[in-house]
Amino acid sequence: MLRTELSWSHRVRGAMVLAACGDALGAPFEGREPADPAEIDDWMHRSTQLMRFTDDTACTLVLADHLTRRRGIVNEDELADELAREWTREPGRGYGQGAAQLFADIARGAAWRQAAADMFDGHGSLGNGAAMRVAPVGLLPGLALGAVAGRARRTAMVSHQHPQALDGAAAQAVATALAALSIQDTPLDADRMVAAICQHVHTAEFRAALRKLPALVARAASGADVAGEVGNGVAAVQAVPAALAAFLRHPDDVPAAIGFAIGMGGDTDTIASMTGALCGARRAEKDLPVMWGLRLEGASRVWTAASALARLGRPGAGAQPPG
Ligand code: AR6
Ligand code: MG
């Protein structure tokens with residue numbers, strides 16, 4: 001029991017901290033053409049500069065604290081207020097335009113359900129903003145995958161009501177849970193993992209994007225290849241499969257997976273953050289490069305939030321760790 005407890009909390013902390021590192025490492029390359037690999041390598045492995053996190057980590061911390069305080073239960077009204085308050089506190093973290101407007105409206109008293117439904121001419125946002133913050137849901141103890149997906153959708157609804165964005169949150173949360181349950185150094189079966197995630201997405205577009213991944217992994221596709229096949233943009237239907245591809249290409253090599261994610265170009269901070277969550281859930285905190293831990297802005301805040309979330313899984317704390 002003790003071994004399980006230790007490895008579970010190490011995985012929770014690994015996922016949270018590496019998600020923040022992926023965000024901060026990817027941020028300088030966001031929106032640019034795929035950068036020179038040497039430039040990415042220098043920034044990842046030789047720089048001593050501060051790694052500043054963006055809205056991905058800010059929102060992930062909000063969700064982690066929400067779940068910790070409420071022992072894993074989602075309260076949409078409170079979550080919407082907490083996200084809006086975080087945006088009000090630090091609006092300059094690089095939020096998407098729609099998200100920034102939504103949180104401003106909620107902060108002024110608008111009802112989240114209607115405000116989120118009205119976005120983008122009533123289609124709702126299809127951005128990756130709900131998926132980018134969802135890792136803590138995949139790190140809740142003792143949930144079946146269907147419950148992980150359902151809870152992820154509830155956290156997404158407060159800001160991202162487009163069916164593809166809801167699928168993105170469900171897929172990324174289920175992928176995080178599967179990574180946390182996977183056995184390290186035992187080859188990860190990409191086909192099985194993708195098939196399991198597909199069971200929890202509802203749109204044909206999302207399923208089609210996910211189904212491209214096993215073949216890409218089997219032929220050791222390059223970042224450019226993956227970006228060409230599934231895209232690398234802010235849409236959840238692109239960024240979530242791209243992040244999963246980076247993880248599946250290098251499931252036991254954290255720097256390689258995050259470097260792969262950044263090398264795809266496009267929405268590099270969010271793709272690398274989601275890849276980081278998956279890598280950390282599988283490899284745990286021991287695989288965090290020491291320098292990243294030292295360079296990460298707000299590192300102690302991330303560790304503290306992650307440790308509190310991990311304690312939900314402590315035997316006797318009301319829930320059992322899975323696996
Ligand atoms: N129709 C057309 N374009 C859309 C739609 C839609 N239904 N939904 C979203 N977009 P947003 P996010 C486009 O603003 O998902 C930050 O850099 C539109 O251009 O809801 O929280 C984060 O770090 C919109 O501005 O924000 C993430 O990397 C954009 O998608 C990323 O932005 C993002 O949707 C996602 O943030
Ligand atoms: Mg960002």
Side-chain angles (χ1 to χ4, degrees), residues 19-32 34 51-63 79-80 82-88 90-107 110 112-135 152-153 155-173 203 205-206 227 230-244 246 258 261-262 264-277 297-298:
C21 288
D23 172 25
L25 286 165
F29 303 98
E30 184 186 10
R32 292 170 43 184
M51 290 161 35
R52 282 184 60 81
F53 67 78
T54 78
D55 57 330
D56 303 55
T57 300
C59 293
T60 303
L61 289 172
V62 168
L63 187 51
L79 179 59
E82 289 158 12
L83 288 166
R85 266 207 304 278
E86 175 61 29
W87 174 82
T88 307
E90 287 190 328
R93 287 278 176 195
Y95 285 82
Q97 268 185 9
Q101 184 61 54
L102 174 75
F103 293 144
D105 290 345
I106 294 172
W112 64 264
R113 192 180 296 278
Q114 193 59 48
D118 288 345
M119 291 171 76
F120 300 102
D121 297 327
H123 296 287
S125 172
L126 50 69
N128 55 31
M132 77 187 182
R133 66 179 183 237
V134 83
R153 289 176 185 279
T155 68
M157 276 296 285
V158 305
S159 55
H160 288 71
Q161 296 191 7
H162 191 288
Q164 289 177 15
L166 297 170
D167 272 354
Q172 174 65 13
T203 66
E205 295 87 348
F206 215 101
V230 303
N232 60 8
V234 294
V237 72
Q238 296 189 8
V240 173
L244 184 55
I258 290 182
I262 297 172
M264 277 189 273
D267 196 5
T268 46
D269 56 340
T270 297
I271 295 172
S273 178
M274 293 191 290
T275 301
E297 178 197 12

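Just follow the structure's listing: the first ligand is 1, and inside any ligand the first atom is 1.
- In this structure a side-chain-to-backbone donor-acceptor pair under 3.5 Å is present from Ser273 to Ala19.
- Contacts between Asp121 and ligand 1, counted as non-hydrogen atom pairs separated by less than 4.0 Å, are absent for every part of the residue.
- By the neighbour-count criterion of 12 heavy atoms within 6.0 Å, atom CD of Gln97 is sparsely surrounded, having that number or fewer from other residues, nucleotides or ligands.
- Any N or O atom pair closer than 3.5 Å counts here, and Glu30 shares at least one such pair with ligand 1.
- Each of the following atoms of ligand 1 lies closer than 4.0 Å to a heavy atom of Asp55: 16 (C), 22 (C), 23 (O).
- If you number the atoms of ligand 1 from 1 as listed, the ones under 4.0 Å from a heavy atom of Gln97 come out as 14 (O), 25 (O).
- For ligand 1, the atoms closer than 4.0 angstrom to any heavy atom of Thr270 are 22 (C), 23 (O), 27 (C), 28 (O).
- No donor-acceptor distance shorter than 3.5 angstrom exists from the side chain of Asp105 to the backbone of Ala110, with no hydrogens or angles considered.
- Looking at every heavy atom in both residues, Ala80 comes nearest to Val158 through CB-CB, 4.1 Å.
- Here Asp56 has side-chain heavy atoms under 4.0 Å from ligand 1, and that is the only part of it that gets that close.
- Inclusion of Gly98 in the set of residues having an N or O under 3.5 Å from an N or O of ligand 1 is warranted.
- The shortest distance between side-chain heavy atoms of Pro241 and Phe206 falls below 4.5 Å.
- Residues Arg133 and Asp56 have side chains not in contact (no heavy-atom distance under 4.5 Å, counting atoms from C-beta outward).
- Within the 3.5 Å criterion, the main-chain N or O of Phe53 finds a donor-acceptor partner in the side chain of Arg93.
- Taking distance alone, with nitrogen or oxygen atoms compared against 3.5 Å, Gly124 approaches ligand 1 more closely than that limit.
- Listed for the Thr268 side chain is a donor-acceptor partner under 3.5 Å among the backbone atoms of Gly26.
- Nearest approach of Ala272 to Ala261, heavy atoms of both residues: CA-CB, 3.7 Å.
- In the candidate list Ala58, Ser125, Gly266, Gly96, Ser125 is nearest to atom 34 (O) of ligand 1, counting heavy atoms.
- Taking only non-hydrogen atoms, the option from Asn128, Val234, Thr268 nearest to atom 27 (C) of ligand 1 is Asn128.
- Heavy-atom proximity to Asp267, at under 4.0 Å, picks out these atoms of ligand 1: 27 (C), 28 (O), 31 (C).
- Using a non-hydrogen distance threshold of 4.0 Å, Gln101 does not register as a contact of ligand 1.
- Annotation: Phe120 places no N or O atom under 3.5 Å from an N or O atom of ligand 1; distance criterion only.
- Side chain of Glu30 to main chain of Asp269: no donor-acceptor pair is present (N/O by atom type, distance under 3.5 Å, no hydrogens or angles).
- Residue His162 has no N or O atom closer than 3.5 Å to an N or O atom of ligand 1.
- Ligand 1 lies less than 4.0 angstrom from a heavy atom belonging to His160.
- Here is the list of ligand 1 atoms found below 4.0 Å of a heavy atom in Ala99: 11 (P), 14 (O), 20 (O), 21 (O), 26 (O).
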